[in-house]
Amino acid sequence: MTLSGLLREGRERLKSAGIPEWDLDAWYLLEYAADCTRNEYFLYPEKEVSPSGEQLYRALIRKRSAHIPLQYLTGRQEFMGFSFVVNEKVLIPRQDTEILVEEALRTLDAGMRVLDVCTGSGCILLSLMRLCAGLEGTGTDLSEEALQVAGENARRLGARVSFVQGDLFEPVSGKYDCIVSNPPYIASREVDALMEEVRGHEPRMALDGGEDGLYFYRKIAVQSPKYLKDRGRIFLEIGFDQGEAVAGLLAPAFDEVRIVQDLAGLDRVVCGILRS
Ligand code: GLN
């Protein structure tokens with residue numbers, strides 16, 4: 001089978017399976033399975049693909065037709081310009097989350113200690129470590145399997161961090177200059193209404209924020225002051241309609257509570273400074 005023949009087949013299958021980005025996904029998977037760039041494709045579209053490449057491509061197209069997210073098939077997602085390893089044990093890093101990283105970066109400096117609660121793939125903490133030299137980083141997650149992915153990402157990115165397993169702050173000791181978190185924040189009954197890629201394949205524990213979606217923010221708002229230095233900062237990712245509620249949860253212990261919008265103009269991050 002030639003590259004162009006395989007691509008045609010993949011596009012048709014994904015399109016008829018109702019995959020919205022069928023064209024792009026058929027391309028990405030071809031580049032991955034046949035190990036060829038788009039430029040190479042256009043130079044030699046009639047190049048023969050090896051039998052193993054062909055078999056791999058068809059298997060991936062079948063999985064993508066079953067709504068398995070592309071990133072779990074290629075095992076990669078870009079975030080803040082870095083390539084992160086992902087699998088079904090971690091949430092796929094979202095572009096929206098880059099806002100949180102950028103906000104936190106403005107306040108960080110060499111020598112500061114950063115704590116990432118619910119670290120998942122480690123994308124937030126590891127990006128901060130790579131973009132601000134000299135930080136000391138700790139990440140926590142309830143999932144041991146997620147922490148394996150985070151550890152792999154730390155190795156690949158050459159970041160020296162410590163990942164510890166446990167519920168929120170449970171495995172943490174000492175005080176930090178900065179706490180960042182993108183906790184699960186979807187209301188339980190809304191999880192099942194999400195697209196199949198998310199509800200059927202991303203870890204439910206990384207999505208489900210309890211009955212009203214605010215379960216983890218309540219815990220974080222109450223527990224975080226104990227782990228922050230005087231005037232330490234907190235940055236929390238939120239859902240577009242949770243700004244006021246989460247700002248209200250931080251208000252009793254934090255000053256300068258602000259809601260930051262994402263590129264689409266939606267509320268995305270709440271931050272504050274621990275009151276002395
Ligand atoms: N911190 C990780 C991320 O932002 C995981 C978040 C989560 O699992 N809720 O992608």
Side-chain angles (χ1 to χ4, degrees), residues 69-72 75-105 114-131 135 137-154 156-157 159 161-172 176 178-188 190-191 194 197-199 201-210 213-220 224 234-240 242 246 260 262 266 268-271:
L70 181 80
Q71 294 89 336
Y72 290 148
R76 293 285 184 284
Q77 173 63 41
E78 290 275 315
F79 182 81
M80 293 303 295
F82 303 111
S83 176
F84 285 87
V85 169
V86 294
N87 66 25
E88 303 218 358
K89 301 302 178 184
V90 299
L91 195 79
I92 298 166
R94 304 296 205 267
Q95 202 180 351
D96 296 327
T97 305
E98 297 188 345
I99 301 290
L100 184 152
V101 173
E102 280 160 9
E103 278 301 313
L105 266 181
V114 183
L115 174 63
D116 179 14
V117 177
C118 307
T119 197
S121 64
C123 64
I124 297 174
L125 182 66
L126 295 172
S127 298
L128 292 174
M129 305 288 296
R130 283 293 303 263
L131 295 169
L135 293 180
T138 304
T140 76
D141 205 287
L142 188 55
S143 161
E144 188 62 55
E145 291 153 313
L147 290 180
Q148 277 167 18
V149 176
E152 169 74 12
N153 282 319
R156 286 169 168 265
L157 293 170
V161 286
S162 96
F163 288 117
V164 280
Q165 190 273 332
D167 190 14
L168 299 177
F169 299 94
E170 180 191 70
V172 179
Y176 290 80
C178 178
I179 292 175
V180 291
S181 185
N182 175 22
Y185 58 70
I186 316 279
S188 303
E190 284 168 23
V191 173
L194 298 171
E197 274 77 353
V198 181
R199 99 180 114 91
H201 299 280
E202 294 201 82
R204 190 171 179 115
M205 71 181 279
L207 300 166
D208 192 334
L214 299 173
Y215 177 83
F216 292 100
Y217 298 116
R218 285 195 192 91
K219 292 196 144 191
I220 291 170
S224 58
I234 191 163
F235 297 86
L236 302 175
E237 179 169 325
I238 53 157
F240 71 96
Q242 294 173 321
V246 175
V260 184
D262 62 20
L266 301 172
R268 183 56 66 188
V269 170
V270 175
C271 53

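When a ligand or atom number is given, it counts from 1 through the structure's own listing order.
Two residues are said to be in side-chain contact when any heavy atoms from C-beta on lie closer than 4.5 Å; Thr140 and Gln165 fail this criterion. In this structure, the side chains of Tyr72 and Ile92 come closer than 4.5 Å at one or more pairs of heavy atoms. The closest side-chain heavy-atom distance from Asp208 to Tyr215 is not below 4.5 Å.
By the 6.0 Å contact criterion, CD on Glu78 is enclosed, its count of non-hydrogen atoms from other residues, nucleotides or ligands being greater than 12.
Donor-acceptor pairing under 3.5 Å is recorded for the side chains of Tyr185 and Glu237.
Protein residues lining ligand 1, listed by chain and number: Leu91, Thr97, Cys118, Thr119, Gly120, Cys123, Ile124, Asn182, Pro183, Pro184, Ala206 [non-hydrogen atoms, distance under 4.0 Å].
Side chain of Asn153 to main chain of Val85: a donor-acceptor pair is present (N/O by atom type, distance under 3.5 Å, no hydrogens or angles).
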